[in-house]
Amino acid sequence: MSSSTQSAARTRISALLDQNSFVEIGAGVTARNTDFNLAEKKAPSDGVITGYGQIQGCPVYVYSQDASVLKGTMGEMHARKIVKIYDLAVKTGAPVIGLIDCAGLRLEEATDALNAFGEVYMAQAKASGVVPQITGIFGNCGGGMALIPALSDFTYMVKDQGKLYLNSPNAIKGSSEDKCDTSSAEFQGSEAGTIDGAGTEEEVLSDIRRLVSMLPANYEDDMSYAETTDDLNRAAADAAQCIEDPALLLPRISDDSTFVEAKPYYGEDMVTAFIRLNGYTVGAVANRSARYAEDGSKEEFGKVISARGAKKAAEFVSFCDSFSIPVVTFTNVTGFKACKCSEKRLPDALGKLTYAFASATTPKVNVITGEAFGSASLTMNSRSLGADLVYAWKGAKIGMMDAKAAAKIISDGEGAEAVEKTAEEYDRLQNSTDSAAARGYVDAVIDPAETRKYLIGAFEMLFTKKEYLPDKKHGTV
């Protein structure tokens, strides 16, 4: 165990891990380079503390950059220590957590430092889909360092202290920290969609601990199960009242209201989160048509999918599938966001979302809570994209489009009475849950209050699911 004087980097490790569980690796490593009098500068541990420990009894590997040593800059040996941690994590099957506070490339080491960045990137790429990777940003994370959270699965950021950027805000034409701080947690959360949470240092460390407790240790061994005393048949009496905002619905059906949201500030028309059902972690993807604030105010999004929402959901589904985490979707959508900005990115984002669901072999369940119209509904884990089970709430609508809109086309020029009659008939013949069930597109029509019970049963049945896709290296979407 390390008995070295506590620095900010060590304090963070102590706060993150279970008490007295940290074992340091490579404490004696220092820089080899001697250019520009580097040998005369004190560099204990070469500016990064690495080792392993436990979070709620589960093993994890961690590295924490020490800004008090050469400003936490990354050089050859600094990177080698991080790569060593990754090698051990992949061999033993445990998550990697990086606590970032770094001034970037170590200029005294030039090409050695540049190559060091590449070696860390390579280690992250190899570990992707093998073990979860989580990054916490506590200070600077600029330039080449910005790729480290980008290659991670989840990133958290200290709100006022953390800075994440490829180009400094002051180096971007027409921008500055005063005008638009592109390195801030607010920008990275709502505009870039890079981070999964922001808060104080204590809150960030707590959020990382909570997330780790929800995730499998690696892609083979599921250690994310937790005992629950919550009633498996418990009804959520007010579930139907939460149809617009899944962030209110999901805690109601989850064990003990467990709800860990991913990228909450980005693509807010889509909710991505981890919940627990019968002790097991389940990934949830849900359309959000409105959000209710604590003060009762309401923000409308409409029943549409945006480019940001689709991108966010696609990445989340891909992560869940990599680690065999079951996925449940809550569908309430009638179309796509219509604006010039979204139109430029929507086709690509929707293609990735469609591909993510179609190629995912993890257990998949779809719950249609409201309206499921047109091709937008297909991208939300539809039966045709491979959903194992599809449920629909009583009163849900499933079809090509809204009945009145369809009637206006079918009965064009026939008068208001004919349009109204056609709309009623269209609703009954084409848009009802009974019609969808008769065609095999819905497996059961359920009471919203019983959603938890049905999902627990579904995932218990699908626990041993095995599915094999056509043999290939990988897709190109």
Side-chain angles (χ1 to χ4, degrees), residues 7-17 22-26 29 45-55 58-67 69 71-75 77-90 92 94-106 116-158 161-165 185 188 194-198 201 204-209 211-212 215 217-218 319:
S7 63
R10 292 187 183 277
T11 300
R12 288 166 189 152
I13 291 176
S14 298
L16 174 68
L17 302 180
F22 180 60
V23 180
E24 187 170 359
I25 299 173
V29 174
S45 299
D46 205 38
V48 63
I49 300 159
T50 56
Y52 61 94
Q54 294 184 339
I55 290 180
C58 297
V60 297
Y61 289 85
V62 62
Y63 67 89
S64 181
Q65 293 176 311
D66 190 347
V69 177
K71 298 182 179 180
T73 52
M74 185 178 290
M77 302 306 291
H78 181 118
R80 189 172 293 180
K81 291 180 67 176
I82 295 174
V83 171
K84 172 69 173 177
I85 289 299
Y86 266 95
D87 288 344
L88 289 170
V90 169
T92 60
V96 178
I97 303 168
L99 310 180
I100 305 295
D101 189 356
C102 175
L105 189 79
R106 189 174 298 167
F117 265 139
E119 290 179 345
V120 174
Y121 301 159
M122 183 60 139
Q124 286 190 273
K126 286 181 177 179
S128 182
V130 180
V131 295
Q133 300 178 60
I134 303 168
T135 298
I137 300 173
F138 295 83
N140 276 311
C141 182
M145 283 299 300
L147 271 68
I148 288 178
L151 288 166
S152 299
D153 298 308
F154 300 94
T155 299
Y156 294 86
M157 193 168 171
V158 176
Q161 192 175 315
K163 298 288 182 182
L164 173 59
Y165 56 90
Q188 291 297 325
T194 311
I195 64 173
D196 297 276
E201 187 161 315
V204 165
L205 292 168
S206 177
D207 286 345
I208 293 174
R209 282 183 60 87
L211 177 63
V212 169
L215 300 179
N218 57 68
F319 173 83

Can you tell me how far the [atom1] atom of [X] sits from the [atom2] atom of [Y], to the nearest 0.5 Å?
X      : Y      : atom1 : atom2 : answer
Ser14  : Leu205 : OG    : CG    : 10.5 Å
Arg10  : Phe22  : CZ    : CZ    : 6.5 Å
Met157 : Thr155 : CE    : OG1   : 9.5 Å
Ile13  : Ser64  : CD1   : OG    : 4.5 Å
Leu105 : Thr73  : CG    : OG1   : 8.0 Å
Thr11  : Phe138 : OG1   : CZ    : 11.0 Å

Requested in this report: Please determine which of Val62, Ile25, Leu17 meets the side chain to side chain contact (heavy atoms under 4.5 Å, CB included) test together with Tyr52.
Outcome: Ile25
Requested in this report: Among Glu201, Gln65, Arg12, find the residue that satisfies the side chain to side chain contact (heavy atoms under 4.5 Å, CB included) test when tested with Leu99.
Outcome: Arg12
Query raised in the report: With a 4.5 Å heavy-atom cut-off, do Leu215 and Phe319 have their side chains touching?
Result: yes
Query raised in the report: Are Ile49 and Tyr63 side-chain neighbours, meaning at least one heavy-atom pair lies under 4.5 Å?
Result: no
With sequence neighbours excluded, residues passing side chain to side chain contact (heavy atoms under 4.5 Å, CB included) with [X]:
X      : result
Gln54  : Asp18, Ser21
Pro95  : Val60, Pro132, Ala217
Ala123 : Val83, Tyr86
Ala198 : Ala185, Ile195, Tyr265

Sub-3.5 Å donor-acceptor pair from the side chain of [X] to the main-chain atoms of [Y], do we have one?
X      : Y      : value
Ser152 : Ile148 : yes
Asn140 : Lys163 : no
Gln188 : Leu164 : yes
Glu24  : Gly51  : no
Asp153 : Ile134 : no

Minimum heavy-atom separation for [X] and [Y], please, with both atom names.
X      : Y      : value
Pro149 : Thr135 : CA-OG1, 4.0 Å
Gly75  : Ala116 : O-CB, 3.5 Å
Val131 : Asn218 : CG1-CB, 4.0 Å
Gly136 : Ile208 : CA-CD1, 4.2 Å
Met74  : Cys102 : N-SG, 4.0 Å

Query raised in the report: Can Val130 and Lys126 be said to form a side-chain contact (heavy atoms from CB on, under 4.5 Å), step by step?
Result: CA-CA 8 Å; Val130 180; Lys126 286 181 177 179; over 6 Å; no
Query raised in the report: With sequence neighbours left out, what residues match Tyr165 under ring pair (Phe, Tyr, Trp, His ring centres under 6.0 Å)?
Result: none
Report summary line: From the list Arg80, Lys81, Arg106, His78, side-chain hydrogen bond (donor to acceptor under 3.5 Å, both in side chains) with Asp46 holds only for Arg106
Report summary line: Hits for side-chain hydrogen bond (donor to acceptor under 3.5 Å, both in side chains) against Tyr61, two or more places apart or cross-chain, chain-then-number order -> Thr92
